[in-house]
Amino acid sequence: MDLLKLTCKELRDKIAVGSIKSTDATEAIFSQIEKHEPQIAAFISTFKDDALAKAKSIDEKIAADEKSGLLAGVPICVKDNMCTTFGPTSCASKMLENFHSPYNATVVEKLLAADAVIIGKANLDEFAMGSSTENSGLQQTFNPWDTRCVPGGSSGGSAAAMATKMCFAALGSDTGGSIRQPASFCGVVGLKPTYGRVSRFGLVAYGSSLDQIGPITSDVADAALMMNVIAGKDENDSTSIDEKTVPVSDYLAGIENDIDKLKIGIVPEFIAAADPDVRNKIEEAIDCYRNAGSEIIEIKMPYFDYSIAAYYLLATAEASSNLARYDGVHYGHRTDSPADYVEVYSKSRNEAFGAEVKRRIMLGTYALSSGYYDAYYLKALKVRNLIRGDFTKAFEKCDCIMMPVSPTTAFKIGEKTADPLQMYMADIYTIAVNLAGVPAVSLPCGFDANKLPIGLQIIAPAFEEAKLLRIARMFEKRNDYHLEQPNLTTNKHE
Ligand code: GLN
């Protein structure tokens, strides 16, 4: 049996009954990493010895008939902006290249408590700022479907690792699309949960009112399984939602059941605005739902177009404040030769932050400065409210909204780096979801003429992840785009 063809859930079921050993699965993953990582460069760090030791301990636990966790023995990777006591937590920044966290992020604790085997930490755009992973201060990750292209971002390492089967599931974080867009570019499933459903404790903050951790997996059922492990209230994160207010669902229960009389909202202009290959596949996907008995309803979202402007003010404002802690004094990079204490700050920050991070700190500081606060930051907050209202009104008429994840498929490395605004514009379909705080999934729905994957985005009301995943599963049951694999042997860097 080809172990790597198994989903996370299938593997877990087999490990839990002892028919596959976690040690074998972990070894299979590391031989895949040894084979393909030189070509893809998805990981910032890997933990072969520790992972094999953990796998062995889980095999022993199962052999001794002890109860095992939901992810018993399954090799998993996490984005390198989630704190781990093992290995560095670099955020792909020279600032934190040698930073070792004294504690684990809550999601990491939950993975470990579920008996997952954490095999490595994945590359990202520096501090999760970007849409291509080209802003990583440490390395370039390549798209497994065509290594001349970007894997998307900022969770490009997690998505590329998943698409290359260098893990069975991954965690990413999504502030404005960073789970969904790389999932779409790499042909895997990515879920951004409702803001507050998953603890952010130990996630290095970018835009605190927007950031959310979620799974990147090979299919929808695996995303549900991962949610069963990571969702829930955390005393260490005051923005995580009380389970008494909104209970956490069993996301796997009922996942195979279609939703009767599903009402799908679409904004025809949004679909028409995407590249032709993307547009065709999104329309085909919507037809698939229509054929399954769903009703398609045209809706309007008049404020959606303002989401990029509002987001890049709010996210940079929050980032400028969050990144103030990297001052060369507390932790992180410190310059070697400061002339005075002012230079400790200025030189340390100048030496260690990359160009995009600096750009955002400047933008955000400007938007928050006195005299400009009302004109920019406050205005953007008001627009955010209007965008939220667009979703509230839409969900009075439909159960979910469908649109592309990105206007294009994966673009060429270097194609957009010279023009940051063009890079920001590519986030048009994903950003409003974070401003509204609602959940959304990206799932593979076909390929363009160059065999690059296309993602369908499905957006649901807050806390309706269970239903959202059932809706996504309806498509997956009728199509097998998610089963297609990149041909890594024909894929060479130029
Ligand atoms: N591309 C967006 C940005 O650069 C979103 C990033 C993210 O979701 N972390 O801010």
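Note that the structure is predicted; figures quoted are calculated from it, not measured. One-based numbering, in listed order, for ligands and for the atoms of each.
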Worksheet entry | ligand 1 contact on S154 by region, counting heavy-atom pairs under 4.0 Å | side chain

Practice prompt. Indicate whether the side chain of Q39 and that of T147 have a donor and an acceptor atom separated by less than 3.5 Å.
Written response: no

Fill in: Identity and separation of the nearest protein heavy atom to atom 5 (C) of ligand 1
Y311 OH, 3.3 Å

Practice prompt. Please confirm whether K379 makes a cation-pi placement over Y376, using NZ or CZ under 6.0 Å from the six-membered ring centre and within 45° of the ring normal.
Written response: no

Worksheet item: Where does Y312 meet ligand 1, judged by heavy-atom distances below 4.0 Å: at the side chain, the backbone, both, or neither?
Response: side chain

Worksheet item: N/O to N/O below 3.5 Å, does that happen between M129 and ligand 1?
Response: no

Worksheet item: Would you say Q457's side chain and M402's backbone share a donor-acceptor pair under 3.5 angstrom?
Response: no

Worksheet item: Do ligand 1 and D427 have nitrogen or oxygen atoms that lie under 3.5 Å from each other?
Response: yes

Item to complete: For residues Y103 and E109, determine if any side-chain heavy atom of one lies less than 4.5 Å from a side-chain heavy atom of the other.
Response: no

Fill in: Within-cut-off N or O pair, S131 and ligand 1, under 3.5 Å
yes

Worksheet item: Who's the nearest protein heavy-atom neighbour of atom 7 (C) of ligand 1, and how far?
Response: S178 OG, 2.3 Å

Worksheet item: Between F127 and Y326, how do the two ring planes meet: parallel, tilted or perpendicular, split at 30° and 60°?
Response: tilted

Worksheet item: Which of the listed options, G207, G176, P182, holds the heavy atom that is closest to atom 8 (O) of ligand 1?
Response: G176

Worksheet item: Counting heavy atoms only, which part of R360 comes closer than 4.0 Å to ligand 1: side chain, backbone, both or neither?
Response: side chain

Worksheet item: Would you call F304 and V267 a side-chain contact if the rule is heavy atoms closer than 4.5 Å?
Response: no

Discussion item. Taking 4.0 angstrom as the limit and counting only heavy atoms of D174, give me the atoms of ligand 1 inside it, by number and element.
Written reply: 8 (O)

Worksheet item: Heavy atom under 4.0 Å from ligand 1: found in T175's side chain, backbone, both, or neither?
Response: both

Worksheet item: Is it the case that K94 places NZ or CZ above or below the six-membered ring of F353, under 6.0 angstrom from the centre and within 45 degrees of the axis?
Response: no

